[in-house]
Participant: 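Take this structure first; my questions come after.
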Amino acid sequence: MLRGVKAAGTAALLMGCAEAQAPAGVPNVVIVTLESTRTDVVGAYGGGSVSRPEVPVTPAIDALAESATLYGNAFSVTSWTLSAHASLFTGLYPTAHQTDGPRDRLDDSYPTLAEALASRGFATAGVVSGPYLRHLHGLSQGFDQWVDGISAPIDPLAHDDVTNPEMLAALEHWLDARDPARPFLLFAYFWDPHFDFRPPPPYDEMFVGDADEPMDAGSFDTNPAIHPYMAREHLDWIQAQYLGEVRWTDEHLGRLFAALRERGLWDDTLVILTADHGEEFFDHGEKGHKKNLHVETVHIPLIVKYPGQQEGLRDDRLVSLVDVAPTVLDVAGFEPDFPVQGRSLRAPPSPGRAIFFDLLATRYTRQDAGAVAEQVQRWRAVQDTEHKLIRRGQGDAIEREELYATGSDPGEREDLARGSPERLSRLRVLLGSHLDESARIAADYRRGGEVELGPEEHEQLRALGYLGP
Ligand SMILES: [Zn+2]
């Protein structure tokens, strides 16, 4: 079960474990990320099933939110797994942590949240079930234990995997085997909501409406039968399967929360629940994620139960995934001793704040002779409380800019770029300063570069659409 166990961070090794003792009273920390989870499926966000509104999709998350703080305007930094998690752990945007290609790894030179906590005496463990969280992509830095064997690389159809029960078993095992004298950071990444959407019974029927029609939705990303003009009853059925995956994962989240309660670990623990990105069902003409930076793939649930919190609160400030690492350090009572671009969620509001997004989208198209053409497109975006600028192009060349009034048009339907030159230029300036800052930070670290994927690992990422046909 335990694979890829990595030593704790450099600081802990230098200090020696016996010396690296956490001060008394620091809280335990549990961070959970859900794969591909749209905010509008989460009940606590007012979301749910359109066909079966009487069946809750996320009862465990909704119950968590009753005694936690729900961040209504929380966004990822990108629309895919590896880059988003690298930001979660470093507090840096993708341009700064330089982990944005489909085979990339986060370089060891970057300080991470887990390294910071390990060096202060925390026991650190990660239990993960998707391919981009495997040890080789560098996100296990600072974790004493890293359980990444649950999504087996030998299975090329990893998107069919059912991993939730093994995830729960590994998490409970770690909770029982841990050293009770040390505070801990426990990280869990639940993979199952990723396509293909094949939840086990009864979740496969739970959200199916009377008019929905089943279809072969295998190989979701490359399946030519799943396109923007497909029959509504088929698309609704696919979305019902997606909701089934989320509900099936939510059930296991509920069991994880119960496991913490049963062990007396609930009340004083900092619990953070979020997602790496959302998922698109042709909202802007695409399916899946990692295609663009529109709201359906970057708006994420973020619910934080602070130690001792009993009351449910809502905070609608604009916040980002890069805020998680500084928040954890703040709640634990430590100053970050490395550069972060996020800020603690407990810090006073900053009304003029802007957040940023970055994506290297790779498109693969099969040519007549069977060859595969690869087209790389750079997407960047900046959002403040009123507007969002989305830019795309090749390399540094800008091909298109779109501007949305997110306050009145949260679905990003009406592009205002042509009629709002002053707003456009203001956001361009913000984006330019952000890129300069990110480049300055990146210059102090090494780019992790591409990992050597074994044949099974390559096949698994290929089957998921990340490496082309
Ligand atoms: Zn993901």
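Atoms within a ligand are numbered from 1 in the order they appear, just like the ligands themselves.
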Participant: Check Y110, F187, F338 against F89 for a ring pair (Phe, Tyr, Trp, His ring centres under 6.0 Å) and give me the one that passes.
Facilitator: F187
Participant: Charged N to carboxylate O below 4.0 Å: is that the case for R447 and D100?
Facilitator: yes
Participant: Taking only residues two or more places apart in sequence or in another chain, which ones pass side-chain contact (heavy atoms from CB on, under 4.5 Å) with R346?
Facilitator: Y306, D330, V331, S344
Participant: Protein N/O/S atoms under 2.8 Å from the Zn ion (ligand 1): how many?
Facilitator: 5
Participant: Compute both the distance and the angle, then confirm whether K287 meets the cation-pi test with F220: under 6.0 Å from the six-membered ring centre, within 45 degrees of the axis.
Facilitator: yes
Participant: Sequence neighbours excluded, which residues qualify as side chain to side chain donor-acceptor pair (under 3.5 Å) partners of R391?
Facilitator: E401
Participant: Ring pair (Phe, Tyr, Trp, His ring centres under 6.0 Å) with H289: which residues, sequence neighbours excluded?
Facilitator: H194, F195, H277
